Amino acid sequence: MPIRFHNTLTRQKELFTPMNPDQVTMYVCGPTVYNRVHIGNARPAVVFDTLFRLLKLHYNEVIYARNITDIDDKINKAAADQGVPISVISEKFTQAYQEDMDALHVLEPSIQPKATEHVDDIIRIITALIDNGHAYESEGHVLFNVPSMEGYGTLSNRNIDDMLAGARVEIADYKKDPMDFVLWKPSTGGLPGWESPWGFGRPGWHIECTAMINKHFGPTIDIHAGGNDLVFPHHENERAQGMCSHDGPTDYVHYWLHNGMININGEKMSKSLNNFITVKELLDQFPGEQLRYALLSGHYRSVLNFSDELIVQSKSGLNRFYTALKDTADVEATPLDDPRTGVVAQTLADDLNTPEALAAMHGLAGQLFKATDNVERARLKGEFLAGGALLGFFHHQPNAWFAIGADMTLSDADIEQKLTERTQAKKDKNFALSDSIRQELLDLGVEIQDTRAGTEWHRSS
RNA sequence: GGCGCGAUGGCAGAGUGGUCAUGCAGCGGACUGCAACUCCGCGUACGCCGGUUCGAUUCCGACUCGCGCCUCCA
């Protein structure tokens, strides 16, 4: 089963072929750790986590790096405001990020490099760019000289003249060319910084990713992903740095993947609208799995409207999945001979079509409900579980899932007692009593189903 | 101004040159003492106008509307 991706660089769907048939290298832009991340930050983490899971099925080794940006002026500002070292801010929110991602069932990447641990590498690559004639020092700054690179703008599909025509930005006088961007800037007035050949200072934004990729993977990687707002300038500049910091022409990234943005109830998240929703706020109200379902319910390249309705529907969808698991609790799943052939894996192989994958999961659930043959049920359950694992679902036992957020006034023993009374009432044909007991239980968060085997119950919120 | 994206049934959201998405919600039915769960069935969906075609939601062109990026925002 071949894997295909939409590559931002070529603007079309392409067959994925890694440089090394046994090993895939991928890098995803992670958070700047200066506050709790919002739901928009969670989209690439969850989407490309699903990609990571898929790739691991197809290749012996997948090395996945997701960086932590812990050098940034927003961190500097937060630290200055609170009168603490930047490490206090960055460590606190790095920790918070890990917690949020864990709750969304995002697997830990293979490597989580930090900018502060790569300042030497950053300095090395800036030096190389200067040596190659692609960067220059000016008034304590080091700048990448954009006109020195043939093909700048290819990734974001724009040309310099058009950009300058629309620009209304004042050009800093230390720049040779208006498009030149900062690789290193001076730190004065007590700002955090590091010693460098160009004085005490700190790196620009784009260079850390290039440096970390070079350090951990070498000049070229298979996949680089992130939000589509990063295409320009961040990834365009990264690409320029990566390609120009080596002798001779070098590819930087073979497949660029970019996810679309998230809207909140139809509006773009923005500070002025005050509609930023943090992952933490959502996790306080909904299980991570439900949020994950919601994030995967749209194709990753499209805008996703993170509405109240979406969250509700996501819960219903997962309830159906868990009902299927509950109904087949007695069935021992038969694992797929080749997990890559599962219907979910196949839909994901087509440019990570997660809505189609969820539809496939619903298809399997329906078959599971209908099947009567035990061999067939075991096979279906195996495929269903494999699909769930790829999508990052099924971290609960079914009854535990339904009980999330449920009223716990009644103990299990209380419930069993009530059900015994109800069963007796039913035997006595005292349906008024049996129905009132059922309603009482329902009011206390206990749903019941009468089956041939007796009465089943589970808690529900 | 430059570059790009989108418009699918009440909602969400795939996909396809010609019988089918899928889920949620709704309606009818089966099951049930009644329910619940599950199952079966139902709704003349593809922005507008042309073109290509035996046939277009799908391809091509124009239009309308909405959206994104164009300096540190995933």
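Computed from a prediction, not measured in an experiment: that's the story for all the values here. Within every chain, numbering begins at 1; the chains are lettered A, B, ... in the order of the sequence lines, protein sequences first and strands thereafter.
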Taking atom [atom1] in both [N] and [M], compute the distance separating them and give it to the nearest angstrom.
N     : M     : atom1 : result
B:U52 : B:C60 : P     : 16 Å
B:C20 : B:U38 : P     : 26 Å
B:G43 : B:A36 : C1'   : 26 Å
B:G10 : B:C46 : C1'   : 16 Å
B:A62 : B:G50 : C1'   : 8 Å
B:U57 : B:G17 : C1'   : 10 Å
B:A7  : B:A45 : C1'   : 13 Å
B:A30 : B:C65 : C1'   : 46 Å

Once you apply a heavy-atom cut-off of 4.0 Å, does [X] come out as touching a base, just sugar-phosphate, or nothing?
X        : result
A:Arg320 : sugar-phosphate
A:Gly40  : base
A:Ser434 : base
A:His206 : nothing

Notebook entry, point to check: Has A:Lys426 got its NZ or CZ under 6.0 Å from the middle of the six-membered ring of A:Phe431, at an angle within 45 degrees of the ring axis?
Noted result: no
Notebook entry, point to check: Does the ring of A:Phe402 carry A:Arg459 above it, NZ/CZ under 6.0 angstrom from centre and within 45° of its axis?
Noted result: no
Item checked: Distance in Å, A:Asn319 CG paired with A:Tyr293 OH, rounded so as to fall on 0.5 Å steps -> 10.0 Å
Next item on the list: Look at A:Asn259 and B:A74 and indicate whether a side-chain polar atom (N or O) is within less than 4.0 Å of OP1 or OP2.
Entry: no
Item checked: Distance below 4.0 Å between A:Asn353 side-chain N/O and B:G15 OP1 or OP2 -> yes
Item checked: Under 3.5 Å donor-acceptor pair, A:Asp435 side-chain atoms to B:G33 base atoms -> yes
Next item on the list: May I ask you to verify whether the side chain of A:Arg438 and the base of B:A35 hold a donor-acceptor pair under 3.5 Å?
Entry: yes
Rounded to whole Å, please give me the gap between [atom1] in [X] and [atom2] in [N].
X        : N     : atom1 : atom2 : value
A:Arg301 : B:C69 : CZ    : P     : 18 Å
A:Leu295 : B:G23 : CG    : P     : 21 Å
A:His362 : B:U22 : NE2   : P     : 11 Å
A:Lys370 : B:C40 : NZ    : P     : 4 Å

Notebook entry, point to check: How far apart are the C-alpha atoms of A:Thr341 and A:Gln346, what are their side-chain angles, what is the distance that settles it, and do they pass the side-chain hydrogen bond (donor to acceptor under 3.5 Å, both in side chains) test?
Noted result: CA-CA 6 Å; A:Thr341 62; A:Gln346 292 195 45; 5.5 Å; no
Next item on the list: Look through every strand shown and name the nucleotide pairing with B:U19 as Watson-Crick or G-U wobble, where both distances are under 3.5 Å.
Entry: none
Next item on the list: Check whether any side-chain heavy atom of A:Cys209 lies under 4.5 Å from a side-chain heavy atom of A:Cys29, and answer yes or no.
Entry: yes
Next item on the list: Return the orientation label for the A:Trp401 and A:Tyr322 ring planes: parallel under 30°, perpendicular over 60°, tilted otherwise.
Entry: parallel
